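So the structure is just underneath, and the comments pick up after that.
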2 protein chains.
Amino acid sequence: MNCLDEARPLGAHAGCSHHVKGDDCRLCLIRPLSVCSALEPDEWASLEKLSTDIRFEERETLVREADDVVSLYTITAGVVRLVRTLHDGRRQLTGFALPGDFLGLSLERTWTFSIEAITPVTACRFGRASLMEYVDQKPHFLMRLHEMATHELSLAQDHMVLLGRLTAEEKLAAFLMEIRRRWARIEGHASDHIPLPMGRQDIADYLGLTIETVSRTINQMQRAHQLVIVPDGVRLLNIGYFEHLCP
Amino acid sequence: MNCLDEARPLGAHAGCSHHVKGDDCRLCLIRPLSVCSALEPDEWASLEKLSTDIRFEERETLVREADDVVSLYTITAGVVRLVRTLHDGRRQLTGFALPGDFLGLSLERTWTFSIEAITPVTACRFGRASLMEYVDQKPHFLMRLHEMATHELSLAQDHMVLLGRLTAEEKLAAFLMEIRRRWARIEGHASDHIPLPMGRQDIADYLGLTIETVSRTINQMQRAHQLVIVPDGVRLLNIGYFEHLCP
DNA sequence: GGTATGGTTTGATCTGTATCAATGCGAGTC
DNA sequence: GACTCGCATTGATACAGATCAAACCATACC
């Protein structure tokens, strides 16, 4: 294999196979999952001219909260976290972006969150100005962006319910089922093996918990034989248990 | 005054003056705050043909979660709550909509939350199909919808931080400052008098707290001379205190 | 092999908020 | 004026999850 092995999110998972080779959209395996799915084959070429491949190392910051939006990104391999930080250091992750996810939906002037690479990441980068021009010419592309934005909004509301009303155990179950569903979409099939490239602290900051509570809850689930902790994530033993906890 | 006095959100507040009189967009005082601000005067007439005024009583349900989207609404007077309910009855409010707010940004097939009138409400109602057609013809209108949706998304992220990382006292302070800011935009000037047409339970369900904690926290603030509880809301005595608590 | 290093787990204890249970209080209504 | 009815407030107590502290365990590096 001559693709960027290090940029794979995890183990045998997506990433390598989805890497956009040599900026050629025709070879892009995450295209059907991405914003580009709104376009016709003859339009890929025009969009391709606006984009370049870019790579970020683990822990690298793609953009900082309040930065001017210069570029927008589609993640093609790896995982990033979207972070809001309070003055006193408290953090809330508003999401994780996986291969196929588009960052910069808002078309606004400045970023409202930081984006940080959890694993090595490859992305397809668009200049803001040129993409804005493209949007002006292709109303159906704008419609696709709008659909994606309102879908995000609906997911954000789901997450508000999680943060405001679920218990620690329910939060963890909902989180694992969410990540499972998202990997399934990328891989084309669901698996009980859930890779978790993010650390416990990231999970805690996503779920509004502390790292200790996340660790304790996952280990409780293991002791109750609902899952097994494996080096790169978890393996679910009893999907019914997790489904039952997702209200 | 011959306008719908009962439909005013509260006391001397907006609502009456913003009522859309006889379906005439030219007389609509909330237009500059609403989705219509994206349009030119000669376009108001074309949009007006798609819309009718409609009125809802206090406690009436405008739409139910999972209902098909038949109509979209701009609130012209009164206040509604956006509600997600879990199977076991736990509730999370994802927001309040005030005069000028548009409901149905997503253009999706079904609603992802219920909408319930907290006060008597008047709204400008659009048929989904006809508005979709309108959107197809006016890309700049779609752009305005998209901007509004991504702004909502940013506010949703703010609320995630609140739900996940703030204390009860900080949540209440942030809530009061949010409502203050939104009334200020509607009224054209900020006031220390914050009308709160929603009950304590609604505030609790918006902030991820219980009604008792909301009550206790507000009364603590009163005992600390930071605000006074008045019949229809609160009056802030020390804005600095509240600003300081908003991280 | 030894030993830093960064993250994870585990234990003991504390506390902010929930829960349970009255009580209070204003607006309607008879 | 008395009596609901639907909130809101207040008090006593419980507990989920936070906090503080230590041990554990890979991995990387000398």
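Throughout, a chain's letter reflects where its sequence line sits, starting with A, and its residues are numbered from 1. Note that the structure is predicted; figures quoted are calculated from it, not measured.
Nearest nucleotide to the side chain of A:Thr167, out of D:dT9, D:dG17, D:dT19: D:dG17. Of the candidate nucleotides D:dT19, D:dA18, D:dA12, D:dA12 has the atom lying nearest to any side-chain atom of B:Arg216.
The existence of a salt bridge linking A:Glu116 and A:Arg64 is excluded, since no basic side-chain nitrogen approaches an acidic carboxylate oxygen closer than 4.0 Å. Salt-bridge check for B:Arg55 with B:Glu57: passed, with a basic side-chain N closer than 4.0 Å to an acidic carboxylate O. A salt bridge does not link B:Asp192 to B:Arg235: none of the charged side-chain nitrogens sits closer than 4.0 Å to a carboxylate oxygen. Checked for salt-bridge contact, A:Arg182 and A:Glu178 meet the test: a charged N lies under 4.0 Å from a carboxylate O.
Atom CZ of A:Arg200 is separated from atom P of D:dA26 by 14 Å (rounded to the nearest Å). Here D:dA18 presents its P atom at 14 Å from CG of B:Leu166, a figure rounded to the nearest Å. Going from atom CZ of A:Arg91 over to atom C1' of D:dA18 covers 17 Å, rounded to whole Å. Rounded to an integer number of Å, the gap from B:Arg223 CZ to D:dA8 C1' is 13 Å. Remark: C1' of D:dA16 and CZ of B:Arg90 are 14 Å apart, rounded to the nearest angstrom. Rounded to whole Å, atom C1' of D:dG17 lies 15 Å from atom CD1 of A:Ile211. Between the C1' atom of D:dA8 and the CD1 atom of B:Ile229 lies a distance of 9 Å, rounded to the nearest Å. When the P atom of D:dA16 is taken as reference, atom CG of A:Leu172 falls 16 Å away, rounded to whole Å.
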_Could you walk me through whether B:Arg90 and A:Glu170 satisfy the salt bridge (Lys or Arg N to Asp or Glu O under 4.0 Å) test, starting with their C-alpha distance in whole Å, then the side-chain angles of each, then the deciding distance to 0.1 Å, before giving a yes or no?_
CA-CA 13 Å; B:Arg90 281 177 287 179; A:Glu170 290 170 329; 2.9 Å; yes

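Along DNA chain D, the nucleotide nearest to B:Glu212 and the one nearest to B:Arg59 differ in position, and the one closer to the 5' end is contacted by B:Arg59. Take the nearest nucleotide of DNA chain D for B:Ile218 and for A:Val214: the residue whose nucleotide is more 5' is B:Ile218. The 5' end of DNA chain C is approached more closely, in terms of each residue's nearest nucleotide, by A:Gly199 than by the other of A:Gly199 and B:Glu169.
Taking 4.0 angstrom as the limit, A:Thr210 places a side-chain polar atom (N or O) nearer than this to OP1 or OP2 of D:dA18.
Along DNA chain C, read 5' to 3', the first and last nucleotides having any atom under 4.0 Å from a heavy atom of chain A are C:dT8 to C:dA12.
Side-chain contact between B:Val83 and B:Thr85 is present, with heavy atoms from C-beta onward closer than 4.5 Å.
Counting only distance, with no hydrogens or angles, the side chain of A:Gln92 and the backbone of A:Asp205 share a donor-acceptor pair below 3.5 Å.
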